[in-house]
**Q** 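The structure is given below, and queries will be raised subsequently.
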Amino acid sequence: MRDIVHLIGGSATAGTSGRTSDVFDPNTGQVQARVALASAADLDAAVANAVAAQPAWGATNPQRRARVMFAFKALVEAEMDSLAHMLSSEHGKVIADSRGDIQRGLEVIEFACGIPHLLKGEYTQGAGPGIDVYSMRQPLGVVAGITPFNFPAMIPMWMFGVAIACGNAFILKPSERDPSLPLRLGELMLEAGLPAGILNVVHGDKVAVDAILDHPDVKAVSFVGSSDIAHYVYRRGVAAGKRVQAMGGAKNHGVVLPDADMDQTVADLVGAAFGSAGERCMALPVVVPVGKATADELRERLLPEIAKLRLGVSTDLDAHYGPVVSAAHRERIESYIGMGVDDGAELVVDGRGFSLQGHEGGFFVGPTLFDYVKPHMQSYQDEIFGPVLQMVRAESLAEAISLPSKHQYGNGVAIFTRNGPAAREFAATVDVGMVGINVPIPVPVAYHSFGGWKRSAFGDTGIHGTEGVRFYTRLKTVTQRWPSLDAGAAVTDSSFVIPTMK
Ligand code: NAD
């Protein structure tokens, strides 16, 4: 059995806990490796290495730090194929989608290559008599990231790419369900020239997370995962005096107006609802057609497209999507389908009990479509995180805006229309953090910032883009005056009132 261990201070180490967790291949349902679960002492060791290494890294000029990012990008690109296979074999997503996961992370690395420019401060010459003011952004020291299973490449790179380029040392606690790819990224950062101790990969569960949240030398924590745990991480981290950004779950709606390009909308909906088996925080699991005619046409057109969907193992190049991540997750998704039926929604396509010939042990769930879903239903209110599309029929644009706006989650939303004013009103008024207009998965590009609203994000700073740079640095502002050194130069009198610009 393969053992997956920590990367602490530049060395592979099994740690001290003796605890491990099984890593499955979701395509077969078989255990393929064991991952070490860190103890608090293991986390302490990682932080001690990071504390020792960070001052020299923080003092390295930003152009040299950027060069490590350039070298890392080249190494990842050279290994893209094997990395994509590694990712798929633990996550279950198809190879093309794994390549996308890695590529979206690399785009943040490309952004981080611009760090010399991004860290430039501001300067005011002559803010007062002989007085200049300047500001600089300095690294926080040691920071940490706790990441979910569903994007084991992109989300770690969202975090460590920006944090390390800013001059911090980083502790990455990836998901214990697909730990190999994040660990390999850590090794490649070392190969790219990153000093040992600047990126430590510590595998684990709640024990490791709590140790991160309580450690006094960890100054900031980024978290991405489900909302209850995000909220817990936010509260515990803030109580310990840390800066915390904690991204949570989602239930994204796709609103379809009567004038939408129906062919394109159907193609977009099917990809965004069922791609990656729906295990994306920016998936579109709810469709809201406006008006009965739109709903009936949409349903009519969705059915043949859903029937054409091909499930397969992640190496099947013709498969649209692969298995979900675990047997427990498959059971959870199937129980939500049952709940939708009990709630009174119409189950139009039932994906329960799906078995792939030759891969009967794999964690597959067939595509599922519900119609006549109502806002009071539990299966609508909760995140299902599977290949399940729920149709909620609306009578008007106002009703369609109110549905995602009133939902507990506010990560992403999309509108499909040719009506510019309606789209504009929708974007301006909907109570959701990321909006797509004829774009089904509106994940912002790397140089903008990612972040939802309401129970989709706790904390007030987005991930990557300039918000990411702000999160991983703190502002220092210097007010300087250089009095004349000439002998006999006048001494300024003591002032007992606050200086002003009057
Ligand atoms: P999860 O919440 O189960 O796990 C996330 C991280 O928290 C993992 O590293 C895990 O080890 C750790 N963790 C698990 N239980 C914990 C506990 N009791 N205490 C402390 N830490 C714990 O999430 P997941 O199943 O890996 O990922 C799917 C979820 O992530 C979905 O809800 C999805 O919407 C969300 N997600 C959100 C975004 C976003 O940006 N908003 C992006 C991707 C995924």
Side-chain angles (χ1 to χ4, degrees), residues 43 105 108 140 143-152 154-160 162-163 170-179 182 202-215 218-252 276 278-283 285 325-326 328-329 332 336 381-386 404 407-413 431-434 442-444 449-465 467-468 470-472:
L43 191 277
V108 175
L140 301 176
V143 299
I146 300 158
T147 55
F149 82 85
N150 71 322
F151 280 102
M154 175 181 83
I155 294 178
M157 285 190 266
W158 275 3
M159 298 176 183
F160 76 67
V162 179
F170 198 86
I171 312 289
L172 173 64
K173 205 303 284 171
S175 170
E176 64 277 34
R177 285 186 269 180
D178 45 12
V202 179
H203 303 290
D205 53 9
K206 184 172 175 10
V207 173
V209 171
D210 287 349
I212 288 171
L213 296 173
D214 296 344
H215 200 298
V218 175
K219 301 300 180 196
V221 176
S222 300
F223 173 92
V224 176
S226 50
S227 286
D228 287 347
I229 297 174
H231 195 199
Y232 165 78
V233 164
Y234 181 75
R235 281 179 289 139
R236 189 160 174 158
V238 166
K242 299 180 198 315
R243 195 177 278 192
V244 184
Q245 53 179 193
M247 307 293 153
K251 189 88 178 197
N252 307 320
S276 199
E279 293 173 319
R280 290 185 186 135
C281 67
M282 290 296 272
V325 72
S326 66
H329 191 48
R332 183 177 176 277
Y336 267 111
Q381 290 166 8
D382 291 355
E383 178 183 45
I384 300 176
F385 219 55
H407 203 281
Q408 61 165 329
Y409 295 116
N411 214 37
V413 72
D431 194 3
V432 173
M434 292 175 280
V443 179
S449 297
F450 182 103
W453 287 4
K454 300 181 282 184
R455 276 180 54 79
S456 293
F458 302 93
D460 57 6
T461 320
I463 291 194
H464 63 67
E467 295 249 309
R470 278 198 197 98
F471 183 76
Y472 292 122

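Predicted model, so just to flag it, every value in this text is computed and none were measured.
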**Q** Taking all heavy atoms of Pro148 and all of Ser175, pick out the closest pair and write down the distance.
**A**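 Looking at all heavy atoms of both residues, the closest pair is C-CB, 3.5 Å.
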
**Q** Side-chain contact test, heavy atoms from C-beta onward, threshold under 4.5 Å: evaluate it for Phe223 versus Lys173 and give yes or no.
**A**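 Contact flag for Phe223/Lys173 side chains = no.
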
**Q** Taking the side chain as every heavy atom from C-beta outward, state whether Asp431 and His407 have any pair of such atoms under 4.5 Å apart.
**A**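 No; the side chains remain at least 4.5 Å from each other.
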
**Q** Nearest 0.5 Å, please: how far is CZ in Phe450 from CE in Met154?
**A**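 One gets 6.5 Å once the value is rounded to the nearest 0.5 Å.
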
**Q** Keeping Ser227 on the side-chain end and Gly249 on the backbone end, is there a donor-acceptor pair under 3.5 Å?
**A**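 Yes: the side chain of Ser227 pairs with the backbone of Gly249.
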
**Q** What are the two closest non-hydrogen atoms of Met434 and Pro444, and how far apart are they?
**A**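 Closest approach of Met434 to Pro444, heavy atoms only: SD-CD, 3.4 Å.
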
**Q** Which distance, rounded to the nearest 0.5 Å, do you find between the CZ of Arg177 and the CG of Asn150?
**A**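 So the gap between those two atoms works out to 9.0 Å.
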
**Q** Is it true that Arg455 and Asp228 have a side-chain N and a carboxylate O under 4.0 angstrom from each other?
**A**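 Asp228 and Arg455: salt-bridged.
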
**Q** Of all heavy-atom pairs between Glu467 and Asp460, which one has the smallest distance, and what is that distance?
**A**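 Of all heavy-atom pairs spanning Glu467 and Asp460, the closest is OE1-O, 4.0 Å.
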
**Q** Please evaluate residues Val443 and Arg280 with respect to the criterion side chain to side chain contact (heavy atoms under 4.5 Å, CB included), reporting the C-alpha separation (whole Å), side-chain torsions for both, the decisive distance (0.1 Å), and the verdict.
**A** CA-CA 11 Å; Val443 179; Arg280 290 185 186 135; over 6 Å; no

**Q** Grab the two heavy atoms, one from Gly248 and one from Ala230, that are nearest each other, plus how far apart they are.
**A**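 That would be CA-CB, 4.1 Å.
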
**Q** What pair of heavy atoms forms the shortest contact from Met159 to Val224, and how long is it?
**A**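 Smallest heavy-atom distance, with atoms named: CE-CG2, 3.6 Å.
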
**Q** Do you know the tightest heavy-atom contact between His203 and Pro174?
**A**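 Looking at all heavy atoms of both residues, the closest pair is ND1-CG, 3.8 Å.
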
**Q** Can you tell me how far OH of Tyr409 sits from CG of Asp382, rounded to the nearest 0.5 angstrom?
**A**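 It is 6.5 Å, given to the nearest 0.5 Å.
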
**Q** With a 4.5 Å limit on heavy-atom distance, are the side chains of Ile212 and Val202 in contact?
**A**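 A side-chain contact is absent here, since even the closest heavy-atom pair is not under 4.5 Å.
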
**Q** Evaluate the side-chain proximity of Glu279 to His329: yes if any heavy-atom separation is below 4.5 Å, no if none is.
**A**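 Yes, at least one pair of side-chain atoms sits under 4.5 Å.
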
**Q** Just how far is it from atom CZ of Arg243 to atom OH of Tyr472, taken to the nearest 0.5 Å?
**A**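 OH of Tyr472 is found 10.5 Å from CZ of Arg243.
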
**Q** To the closest 0.5 Å, what do you measure between CZ (Phe471) and CD1 (Ile463)?
**A**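 Here the rounded value is 8.0 Å.
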
**Q** Got a second to check how far Glu383's CD is from Asn411's CG, nearest 0.5 Å?
**A**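 Between atom CD of Glu383 and atom CG of Asn411 there are 8.5 Å.
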
**Q** What I'd like to find out is whether the side chain of Pro182 reaches to under 4.5 Å of the side chain of Leu172, using heavy atoms alone.
**A**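 Heavy-atom side-chain distance check passes, below 4.5 Å.
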
**Q** Kindly say whether Gly410 contributes a backbone atom to a donor-acceptor pair with the side chain of Ser456 at under 3.5 angstrom?
**A**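 Judged by distance alone, yes, a pair lies under 3.5 Å.
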
**Q** Can you tell me if Lys242 uses its side chain to pair, donor with acceptor, with the backbone of Val143 under 3.5 Å?
**A**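 Flag not set: sc Lys242 to bb Val143 has no pair under 3.5 Å.
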
**Q** Counting N and O atoms only, with roles assigned by atom type, does the side chain of Gln408 sit under 3.5 Å from a partner on the main chain of Gln381, one being a donor and the other an acceptor?
**A**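 Such a contact is found between Gln408 side chain and Gln381 backbone.
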
**Q** Taking the side chain as C-beta and beyond, is there a heavy-atom pair between Lys206 and Tyr232 under 4.5 Å?
**A**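 Side chain of Lys206 against side chain of Tyr232, heavy atoms only: contact under 4.5 Å found.
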
